[in-house]
Amino acid sequence: MRRYTLLIPLVSLLACSAAAQTIDAGRGPLPVIVPDSYDASEPTPLVLLIHGYTGTGQGQDSYMQVGHLADDYGFIFVAPDGTTESNGSGNQFWNASTACCNFHESEVDDVAYLSDLIAALKAEYTIDDRRVFLFGHSNGGFMSYRMAHERSGTIAAIASLAGADQTEERPAPPNPVHILQIHGTADDAISYEPGEFIGGGHPGARESVENWAAHNGCAVEGVDAGTLDLEAGLAGAESTVTRYTEGCQPGGSAELWTIQDGGHVPQFSPHFSRLVIEWLLGPPKP
C-alpha cells in the first residue's frame with residue numbers, strides 16, 4: 001500500500017498579533033496565542049489544533065488559519081507537535097489508533113502529553129474548564145477522537161477533518177462530548193466510507209458520528225440541516241450537514257459535514273475555519 005503525505009508543507013510561521021508567549025509540557029516550548037481581550041479574572045476558552053501525519057503544529061495552522069481567529073473569538077490557541085518517527089524519516093505523528101499513524105510501534109503516550117499540555121495551560125492561564133476544544137486533521141482527527149474517549153471529563157467538543165473514530169468497539173465514555181466530523185467523499189487517504197489505512201481498518205465518517213451519537217445518548221438517526229460552502233475549489237454550497245441532536249445527554253451531540261467530491265486536503269473557502277470555531281465555541285460542558 002502506498003504511503004500518503006497527509007498534510008501540505010509548512011508555508012509560513014504561526015500568525016499572531018499578540019506578544020510572543022510559550023508553554024512547555026515536556027516536548028519543548030510551543031507558541032501560545034493569547035487574545036488581546038484576555039483577562040485573568042475571566043475564564044477563557046482553549047483551542048488545540050492537532051496536526052496531521054508528517055506535519056507540524058505551525059504548518060497545520062499555516063494551512064487552516066485558526067490562530068489568527070483567537071482575537072476575534074476570544075480563545076487561547078496552541079498548535080502542539082507530535083513525536084518524530086524512529087525510522088529517520090523526520091515525520092511527526094500522533095499515537096492515535098491502530099489505523100493512523102503509529103506505524104513503527106512507538107510506545108509514546110500522546111493522551112498523557114496532551115493532557116499535560118492542557119494542565120500546563122490551566123496552570124498558566126485562566127482556562128474555562130467547560131470550554132476546552134480540539135480541532136484535528138487526519139491523524140490529528142484520530143487523536144482528537146481518542147482524547148474525547150479517554151479524557152471526556154476535560155474535552156467539551158472536538159472537530160475532526162478527514163480523521164475517524166477507533167476501529168474497535170468501545171463503551172461510552174463517562175461524560176458526553178460534542179463531536180463534529182468533516183469529510184470529503186473523494187478522500188483517497190482516509191476514505192469517507194469504512195476502509196483500510198496503513199496501520200489497519202477505520203470506520204467511515206458516518207459510522208464515526210453515529211458511534212458518538214450513541215455514546216451521547218442521541219437518536220442514531222440524523223436530521224438534514226442544510227448545506228455549507230466549505231471547499232473553494234467546488235462550485236456552490238457543496239457540503240451537506242447532518243445533525244444528531246435528538247434525545248442527547250446534556251453536553252453531547254454529533255454532527256457530520258459531508259464535502260461532496262472533497263479530497264483529503266481541501267482547498268478551504270474563506271470562512272471554513274470560522275464556521276468550525278463557531279461550532280466548537282457553541283456547546284460548553286454542563
Side-chain angles (χ1 to χ4, degrees), residues 1-8 50-55 60 63-64 82 85 87 89 91-106 110-111 134-150 158-171 177 179-215 220-222 228 230-231 233-234 238-244 254-268 272 276:
M1 184 180 294
R2 71 186 177 93
R3 182 162 294 218
Y4 292 87
T5 298
L6 300 192
L7 185 66
I8 63 170
I50 313 299
H51 67 74
Y53 174 60
T54 78
Q60 190 71 53
Y63 170 46
M64 302 185 90
E85 288 181 320
N87 66 343
S89 67
N91 292 333
Q92 290 194 150
F93 72 98
W94 299 100
N95 185 6
S97 82
T98 55
C100 182
C101 287
N102 183 11
F103 303 131
H104 301 281
E105 300 182 353
S106 169
D110 283 320
V111 171
L134 270 60
F135 182 9
H137 180 203
S138 191
N139 184 200
F142 282 92
M143 192 67 225
S144 298
Y145 273 110
R146 183 167 186 178
M147 285 292 289
H149 272 289
E150 298 188 25
I158 69 160
S160 162
L161 169 65
D165 196 13
Q166 304 288 339
T167 304
E168 67 275 9
E169 271 192 50
R170 286 182 159 198
V177 179
I179 302 293
L180 171 62
Q181 176 68 28
I182 310 161
H183 217 123
T185 61
D187 191 327
D188 63 356
I190 306 300
S191 59
Y192 182 87
E193 301 296 338
E196 295 281 329
F197 194 55
I198 299 165
H202 63 81
R206 191 171 299 275
E207 183 182 357
S208 295
V209 171
E210 290 180 351
N211 286 348
W212 273 92
H215 289 336
V220 190
E221 217 172 291
L228 296 169
L230 302 178
E231 164 62 87
L234 297 171
E238 76 298 312
S239 300
T240 58
V241 177
T242 309
R243 289 191 181 133
Y244 300 76
E255 189 158 326
L256 174 62
W257 296 358
T258 298
I259 308 174
Q260 187 62 42
D261 298 326
H264 190 70
V265 183
Q267 179 185 343
F268 297 130
F272 172 86
V276 177

Practice prompt. Can you see which heavy atom on Thr185 is nearest to which on Asp261, and at what distance?
Written response: OG1-N, 2.7 Å
Practice prompt. Check the pair Thr242, Val209 against side-chain contact (heavy atoms from CB on, under 4.5 Å), reporting the backbone distance first and the verdict last.
Written response: CA-CA 10 Å; Thr242 309; Val209 171; over 6 Å; no
Item to complete: State, with a plain yes or no, whether a side-chain heavy atom of Leu180 is found less than 4.5 Å away from one of Ile158.
Response: no
Item to complete: Under the side-chain hydrogen bond (donor to acceptor under 3.5 Å, both in side chains) rule, collect the residues that match up with Gln260, sequence neighbours excluded.
Response: none
Discussion item. Looking at every non-hydrogen atom in both residues, tell me the closest pair between Phe197 and Ala99 and how far apart they are.
Written reply: CD2-O, 3.5 Å
Practice prompt. For Glu168, enumerate each residue passing the side chain to side chain contact (heavy atoms under 4.5 Å, CB included) test, keeping only those at least two apart in sequence or located in another chain.
Written response: Gln166, Arg170
Worksheet item: For Phe135 and Ile50, what are the C-alpha separation, side-chain angles and deciding distance, and is it a side-chain contact (heavy atoms from CB on, under 4.5 Å)?
Response: CA-CA 6 Å; Phe135 182 9; Ile50 313 299; over 6 Å; no
Worksheet item: Which class fits the ring pair Tyr53 and Phe103: parallel under 30°, tilted 30 to 60°, perpendicular over 60°?
Response: perpendicular
Worksheet item: Okay, side chain of Glu207, backbone of Pro194: is any donor-acceptor separation there less than 3.5 Å?
Response: no
Discussion item. When you compare the side chain of Tyr145 with that of Trp212, does any pair of heavy atoms fall below 4.5 Å?
Written reply: yes
Response to the item:
Nearest heavy-atom approach of Cys100 to Asn139 is O-ND2, 3.2 Å
Practice prompt. For the pair Gln92 (side chain) and Gly55 (backbone), establish whether a donor and an acceptor sit closer than 3.5 Å, ignoring hydrogens and angles.
Written response: yes
Worksheet item: Will you find, in the side chains of His202 and Asp165, an N or O donor that is under 3.5 Å from an N or O acceptor?
Response: no
Worksheet item: Would you call the rings of His149 and His215 parallel, tilted or perpendicular, where under 30° means parallel and over 60° means perpendicular?
Response: perpendicular
Worksheet, complete the sentence: Those residues at least two apart in sequence (or on a different chain) that pass side chain to side chain contact (heavy atoms under 4.5 Å, CB included) with Asp187 are Ala162, His183, Ala189, Ile190, His264
Worksheet item: If only atom types and distance count, is the side chain of Asp110 paired as donor or acceptor with the main-chain N or O of Asn95 below 3.5 Å?
Response: yes
Item to complete: Mark yes or no for whether Ser208, through its side chain, and Ala164, through its backbone, hold a donor-acceptor pair below 3.5 Å.
Response: no
Practice prompt. Please name the pair of heavy atoms, one in Met64 and one in Phe272, separated by the smallest distance, quoted to 0.1 Å.
Written response: CE-CE2, 4.2 Å
Discussion item. How close do Phe93 and Ser106 get, counting heavy atoms only, and between which atoms?
Written reply: CZ-CB, 3.7 Å
Practice prompt. Tell me yes or no: between the side chains of Trp257 and Glu255, is some donor less than 3.5 Å from an acceptor?
Written response: yes
Worksheet item: Under 6.0 Å between ring centres, would you say that holds for His137 and Tyr63?
Response: yes
Worksheet item: Do side-chain atoms of Ser138 reach the backbone of Gly140 as a donor and acceptor pair under 3.5 angstrom?
Response: no
Worksheet item: Which atom pair, heavy atoms only, marks the closest approach of Glu238 to Leu230?
Response: OE2-N, 2.8 Å
Discussion item. Tell me if a side-chain donor or acceptor on Gln60 pairs with a main-chain N or O of Gly52 at a distance below 3.5 Å.
Written reply: yes
Discussion item. For a quick check under 3.5 Å, do Tyr192 and Gln181 share a side-chain donor-acceptor pair by atom type?
Written reply: no
